[in-house]
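Just follow the structure's listing: the first ligand is 1, and inside any ligand the first atom is 1. We count residues from 1, following the sequence as given. Worth knowing before you read on, the calculation uses all heavy atoms, side chains too, and leaves out hydrogens, waters and symmetry mates. Here the structure is a predicted model, which means the values were calculated and not measured.
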Amino acid sequence: MATTTTDAVMDYDEVLERFDPVMGLEVHVELSTATKMFCSCATEFGAEPNTQVCPVCLGLPGALPVVNATGVESAIRIGLALNCQIAEWCRFARKNYFYPDMPKNFQTSQYDEPIAFDGYLDVEIPSSTGEGVDVFRVEIERAHMEEDTGKSLHVGGSTGRIHGAEYSLLDYNRAGIPLIEIVTKPVVGAGERMPEVAKAYVSAIRDLMRALDVSDARMEQGSMRCDANVSLMPKGSTQLGTRTETKNVNSLRSVERAVRYEMTRHGAILSGGGSILQETRHWHEDTGVTTSGREKSDAEDYRYFPEPDLVPVAPSREWVEELRATLPEPPGRRRKRLQGEWGYSDLEMRDVVNAGAVELIEASVAAGATPAAARKWWMGEVSRRANDQVRDLADMGVTPEHVAELDGLVRDGRLNDSMARQVMDGVLAGEGSPREVADARGLELVQDDSALEAAVDEVLGRNADIVAKIQDGKVQAAGALIGQVMKAMKGQADAAKVRELILAKCQ
Ligand code: ADP
Ligand code: MG
Ligand code: ZN
């Protein structure tokens, strides 16, 4: 399928003159439990295909699923962090459909009885006045538990899609990995800032998942995925328009771009008298457009029914309250606190947050680095390399302890700036810790005493009388000379060392 399109789009400002945008975001988060949602298969990312499978996740006849308690615990903690109600009693449901990467022919999910519902998340966007932030509240419809599908690899075509492929390979390692789907209510009232709110919301969800330590929430690896529903209402209308659902938008930036693009595409169709087809669409990062996926009506009949092989989930109120007590400091508040502690400007902090470096800097500071040095290294050399290699900062082979050690070497005067950069090169190249690299590469500032000696000689030459006193044993007289030498060195000398040199030269 072509990734280009000739779809007409309307100027963004014109869209906003004529319409009010509405969006709904569905975010899937893969939990980082050790085992799958309904069996004890491992969940490790990147294993050989089909090595983490069993009769349950392969849907073999007679296999019986068992709920992963940690999965339920994570779901409740996520629900609480999203200010949701937690169901007193809920069930899993079978969502029946056929797809080759789903060997059971149904997905175990939740339908009308989600574990968490009716919440909200406050997200921050840069204020339109240019100073500070505006807070926008996104209402949460529900957060429910389900399982992931397997992965298909379509081989032989030019696009990697099933169309045109010669054959397809299936990997069921991912089938059955716990997912939490977080669904917003229709978001209205953000106007021109809708795409920004979309990005800020997904970013806030990512931060929250990491703070809760329930998922690594990496969009580029697929452990967090977002579908963006968009529609337009004619200005003044309160009746929701027909939506499209753009699938698997896999970076924060694409969330923002995809929402914006769909607004302009809908605008062109609607103002040309056309109507929107309710369908899924695919986002193309390279061309910045969406293309049609499959038609999808609200009444799609998945023949949901309660899962008969699993017991209902009825978390006691005591347990829920225990879990509430484990919630982390809300990310927004935590960010403000850290910014204050580190003394970063708003801009610096925003860059750090966008680079996903908050935790790394926090750990570096805990290991002894100054906040300024921690920011300098993570946001400088390491970020540059990570961007070049399209890798995560945390995967560059540099640890917070490395950063703290390197900063220590600089502050102890063993390394200057350019040497420290060479040491960081070595650490990035896997040559070892900063101290090991500095030793192996023979990097060490030579203490250059020649300037100091010259200053001492010059001062001694000008003060023959005092020199004579010192030679007579009146060592205290050296004090007057030390001051002069320090002045000549503009304070850049160690007074004890100056004294030592003076006394030595007077012998
Ligand atoms: P689906 O089964 O199609 O994925 P969901 O209920 O899981 O449906 O998600 C639909 C999402 O779209 C929700 O976030 C919902 O708030 C949002 N939504 C519903 N109607 C509209 C609309 N007219 N315009 C924009 N978003 C909408
Ligand atoms: Mg959905
Ligand atoms: Zn299994």
Side-chain angles (χ1 to χ4, degrees), residues 19-28 33-44 47 50-60 63-66 68 93 95 97 103-104 107-112 114 117-121 138-144 146-148 150 171-190 194 197-198 201-202 205 225-234 237-248 255 258-259 262-263 266 270 275-281 293-302 304:
F19 302 97
D20 286 323
V22 179
M23 88 181 161
L25 297 170
E26 301 168 64
V27 175
H28 285 89
T33 50
T35 56
K36 293 187 180 180
M37 193 62 193
F38 305 111
C39 62
S40 53
C41 286
T43 54
E44 215 169 297
N50 298 311
T51 55
Q52 295 170 346
V53 291
C54 75
V56 172
C57 53
L58 286 178
L60 302 188
L64 279 177
V66 177
N68 182 332
K95 182 180 184 182
Y97 64 101
K104 299 195 296 190
Q107 180 187 28
T108 307
S109 181
Q110 295 196 287
Y111 182 45
D112 47 0
F117 52 93
D118 274 349
Y120 63 85
L121 184 62
V138 176
E139 311 268 354
I140 308 287
E141 167 93 32
R142 66 179 194 272
H144 69 246
E146 58 184 37
E147 59 180 337
D148 214 341
D171 175 8
Y172 292 116
N173 283 352
R174 200 179 66 178
I177 289 194
L179 285 183
I180 303 297
E181 177 173 350
I182 303 165
V183 183
T184 69
K185 295 188 177 157
V187 177
V188 292
M194 197 64 95
V197 170
Y201 169 78
V202 178
I205 293 277
R225 310 193 278 273
C226 174
D227 302 335
N229 296 267
V230 171
S231 67
L232 296 179
M233 301 187 287
S237 164
T238 52
Q239 196 172 339
L240 295 184
T242 304
R243 66 184 160 114
T244 51
E245 179 181 349
T246 302
K247 302 297 267 180
N248 293 342
V255 172
V259 168
E262 279 296 283
M263 285 169 61
H266 285 213
L270 293 173
S275 55
I276 304 294
L277 181 66
Q278 185 165 332
E279 61 179 354
T280 66
R281 298 190 63 90
R294 69 185 165 99
E295 223 176 300
K296 185 177 175 187
S297 73
D298 279 325
E300 231 170 343
D301 191 0
Y302 288 114
Y304 278 101

| Would one find an N or O of P186, backbone or side chain, under 3.5 Å from an N or O of ligand 1? |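 N/O-N/O distance below 3.5 Å exists for this pair.
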| query | Mind checking whether V230 has an N or O less than 3.5 Å away from an N or O of ligand 1? | reply |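 Checking ligand 1 against V230, no N or O pair falls under 3.5 Å apart.
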Considering only heavy atoms of [X], which atoms of ligand 1 have at least one such atom less than 4.0 Å away?
X	answer
T184	13 (C), 14 (O), 15 (C), 16 (O)
R142	6 (O), 7 (O)
L240	23 (N)
E181	7 (O)
E245	3 (O), 4 (O)
L25	14 (O)
E26	4 (O), 5 (P), 7 (O), 9 (O), 10 (C), 11 (C)
V183	9 (O), 13 (C), 14 (O)

| Candidate list T184, V138, I182, V230, test side-chain contact (heavy atoms from CB on, under 4.5 Å), partner L25, passing option |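 Answer after filtering T184, V138, I182, V230: T184.
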| Does ligand 1 have any atom that is closer than 4.0 Å to a heavy atom of Q278? |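 False for this residue.
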| Any heavy atom of E141 sitting closer than 4.0 Å to ligand 1? |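 Distance cut 4.0 Å: E141 fails for ligand 1.
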Answer whether the closest heavy-atom distance between the side chains of [X] and [Y] falls below 4.5 Å.
X	Y	result
T242	S231	no
I180	H144	no
C57	Y172	no
F38	V66	no
V183	E181	yes
Y111	K95	no

| message | Walk me through whether R142 and D118 qualify under salt bridge (Lys or Arg N to Asp or Glu O under 4.0 Å). | response | CA-CA 6 Å; R142 66 179 194 272; D118 274 349; over 6 Å; no
| query | What do the steps show when you test T244 against H266 for side chain to side chain donor-acceptor pair (under 3.5 Å), and what is the final call? | reply | CA-CA 9 Å; T244 51; H266 285 213; 2.9 Å; yes
| Which bit of M233 is near ligand 1, meaning a heavy atom under 4.0 Å away: side chain, backbone, both or neither? |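 It is neither; nothing of M233 touches ligand 1.
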| Between K36 and E147, is a salt bridge (Lys or Arg N to Asp or Glu O under 4.0 Å) present by the stated rule, with each step listed? | CA-CA 8 Å; K36 293 187 180 180; E147 59 180 337; over 6 Å; no
| query | Does the side chain of T35 come under 3.5 Å of the side chain of N68 through a donor N or O and an acceptor N or O? | reply |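 Yes, because at least one side-chain N or O of T35 sits under 3.5 Å from a partner of the opposite role on N68.
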| Partner residues of N229 under the side chain to side chain donor-acceptor pair (under 3.5 Å) criterion, sequence neighbours left out |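 E26, R243.
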| task | Enumerate the protein N/O/S atoms at a distance below 2.8 Å from the Zn ion (ligand 3), ignoring waters. | result |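 Within the sphere that stays under 2.8 Å of the Zn ion (ligand 3), the protein atoms of type N, O or S are C39 SG, C41 SG, C54 SG, C57 SG.
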